[in-house]
Amino acid sequence: MKEKLNRIVENRWFNRLLTPAILVLVALFFTVATGGRFATPRNLQLMIDQALIVATVATGAVFIFATGNVNISMGAATALIATIAAKAYVATESIPLMFVIAIVAGAIVLAITALLSTALHVRVLYITVVMMTLLSSLQKGILGSSTVSLPYAVYSGMKNAGLPYIIFIAFFILCLVMFHFTSFGRKLRYIGINDTCAELTGFKKSRYLFWGFVVAGVGVGLGAILTIIRAGSISTDTASSLNMDCMLAIVLGGMSAFGGSRSYTWSAILGAVLVTVLNTGLQMMGVSSTIIQAIRGIIFIVLLVMSQKRPNGLPSRDG
Amino acid sequence: MAANKEVLLEVHDMVKNFGVTVALNHVDFVVKRGEIRGLIGENGSGKSTVSSIISGMQKPTSGTMTYKGQPWAPASTLEAQGKGICMIVQEAGTIQGIPVADNIFLGHEKMFMRGPVVNHGKMVKEAQSLLDKLGIDIDASERTERLSMQQCKLVEIAKGMYWDPEIFIVDETTTALSQSGRTLLYRLMHELRDNGKAVLFISHDLEELIEQCDAVTVLRDGKIIGSLDKEEFDPDVMKKMMVGREIKGGYYRSDYDGYSDEVVLKADCITTRHDLMCFDLELHKGEILGIGGLSECGMHTVGKALFGAEKILDGQVTVGPGKTVVKDPETAIRNSIGYTSKDRDRESVGLSGSIHENIASTGYIVNRLFGPIISFRKEKKYVAKEIRDLSLKCASPYHTVNTLSGGNKQKVVFGKWIGADSQILILDCPTRGIDIGVKAAMYQLIYKFKKEGRSILLISEELQELIGMSDRILIMKDGKVVYETKRADNPTENDLIEHMI
């Protein structure tokens, strides 16, 4: 019996189908618990808008997490890029330029993170701790005490044209292909499995880390655009919980928190939807936002423990 | 004289297995008061294993020990230390970043507790007086990372001596010591013996053993081969006892086929940060070139340097007829070089990855469908072929490598490089920790590679393996090739050991 259970758990498909199953159950639960309010078209639309942002940034972040590294500055980076892009639009009134600036700036900010880590031989996590503070104070510096807003016609026009969907789907398909159908994703995963061995198999860690971060940077840039389209204005509160949402999404989506073998781009979508459903559902049930934060923290820790198979010892990628 | 010595420690019928590897095979031996007993044997013969069990570092699989007439089963090195058995280990046994005094009293900080705080001043003072008493010129308040390797070893010796040991185990320590350090250690060892204590001395240096020991016990493949008293000491007899095992027929290759004159891999006066100084080497097409020596002779660095995984400060490694310079593993692999590290689990294979992921990692280019897109079908075939050809035992290619045995893990590594069709294979201890059956398969495989015209650099700590497989053998010592011999000359182990030690 136990052996049978083990075999099911170890099956590749078990992991892939677990999250969708949980998602359906959680959504059903909230629908019942809120007396149907959860499933109203308006609420679903709101959740989709929010989930798209998380999914976009998280999809890019998969390219970092796969290598066994953690970036905690993605939220701060998104807020900064959104501020810069919005300011750029206000100054030039050119939508294409806003796009270009957001994508390029996003790629540059994350590329710098990767370069700092490899040049200084400091682990990515520590660099991103610094980057998180740095980027967010930079954003506050640029923004001051004001907010920057786009004209209603502009952002609602983009929204009504379905631009968020187009942006996300295009980016996701690109990432899906790169990650699962080319050597790039396999190399990133192999670095996550054992970076020394990857290096001795000819995969230069510094180079692939750099390009992984660039992809994540493009995700951050597009996430910033989606943030602008959704809200129309940027303040210092923008994207404040985005980073935690992304990290939670990646592990909730069935990916290992330590990267390596169990790294999938689709974790980002599944996880993003699940995180948004949880956030919104709990809110609608009247749970206070501080308690929601605590619940998210607990879920994250539990998933972290679950993603390391080793029975004892500190978290490790060798599990 | 030997008869009236009191028995201090008795090891009885001890067995230690590491997985399928038998490190100790029913070992019995006795340590008596007032003697310095040498333990000798090849790498992996079980010397360090038996001494680490005595000193409480690990537990035996079965067997018993008696110490001072009482059953002896230490739970930790601290317990052993307290009861008078101290061991100086082969590897670094000091922790960097803390003062010398803290290293000496590591785990015994309680002795200096005053209420909840450690009286560090008192600890330093006590450590200093110990160092002074032993005649070791080190400041006890100095931070350990500022010390040289020799000084670190001396700190360890002091740490052991503080406990006034009844049995002092010195495991391969002298290689880290210069003449002055050795003289000091010898003096301490003799003092202990003269005071009726016992010393267990492990060394590869026969001369040293003959000079310092009162008796030696010889181990081979986890078994006691015999013991010699001082009067019976003879380097030739000792060497023969250490290595003289019989070769089973068909285990190694038996032919005398030659190899081509074409040089495929060449090291031209390469200097690395450690170990190598203007080192030259030529590997020919179809050649099995063996490199042997003691573990720290620099041969492992040679393998890494030839693969571009070790920073080369001067000189260069070139590969192929085009003389491409190998600067990093990437260039090496592009030029059809494969490398298996001695430290397999850390450097050659991704343990948490699946067999599929590991083997496929060298085939991303050949398994493409079009452009950069990888064909899943081709990849699956690529992996399946290696699993079949190497008769790798696994339930599914999607199982993780850490579920496999050592031999099958090594097959995964081999599969990576054979799949990549590497023409030059640098194999660093390819049969380390592998049981006999898989070993024989590995040797057949290596011979098959040779017949296919591939070139193999076989770096090994096992002389039998080198003699049995190589077309040419280089023996290294202190980063230099000190001896070269050809298969046609039928070298013996004694010839090689002569130059190693």
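What you are looking at is a predicted structure, and each value in this text was computed from that prediction instead of being measured. Below, chain A is the first sequence line, B the second, and so on; all start at residue 1.
Proximity to chain A involves both the backbone and the side chain of B:I373, based on heavy atoms less than 4.5 angstrom apart. Only the side chain of A:Y190 comes within contact range of chain B, with heavy atoms under 4.5 Å apart. Contact annotation for B:S361: both backbone and side-chain heavy atoms come within less than 4.5 Å of a heavy atom of chain A. For B:N367, no part sits under 4.5 Å from any heavy atom of chain A, backbone or side chain.
Open room surrounds CD1 on B:I365; 12 or fewer heavy atoms of other groups in view lie less than 6.0 Å from it. Counted within 6.0 Å of CZ on A:R123, heavy atoms from surrounding residues, nucleotides or ligands total 12 or fewer; the atom is thus considered open. Within a 6.0 Å radius of CZ in B:F376, other residues, nucleotides and ligands contribute more than 12 heavy atoms.
The shortest heavy-atom contact between B:S352 and A:S261 is O-OG, 3.4 Å. Pairing each heavy atom of B:Y339 with each of A:L200, the nearest pair is CE2-CD1, 4.2 Å. Shortest non-hydrogen contact noted between A:C197 and B:G350 is SG-N, 4.0 Å.
A parallel orientation is assigned to the rings of A:F203 and B:Y364, their planes being inclined by less than 30° (bins at 30° and 60°).
Residue with the most contacts toward chain A among B:V349, B:L369, B:T362: B:V349 (heavy-atom pairs, distance under 4.5 Å). Ranking B:A420, B:A309, B:S348, B:S354 against chain A, the residue ahead of the rest is B:S348, based on heavy-atom pairs under 4.5 Å. Chain B forms the most heavy-atom pairs under 4.5 Å with one residue out of A:M178, A:E199, A:R186, A:K187, and that residue is A:R186.
Between B:E347 atom CD and A:T201 atom OG1 the span is 11.0 Å, to the nearest 0.5 Å.
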Q: Assess whether side chain to side chain contact (heavy atoms under 4.5 Å, CB included) is satisfied between A:T196 and B:R346, documenting all intermediate values.
A: CA-CA 7 Å; A:T196 315; B:R346 267 216 301 240; 5.9 Å; no
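Looking only at distances, no side-chain donor or acceptor of A:N194 sits under 3.5 Å from a matching main-chain atom of B:L351.
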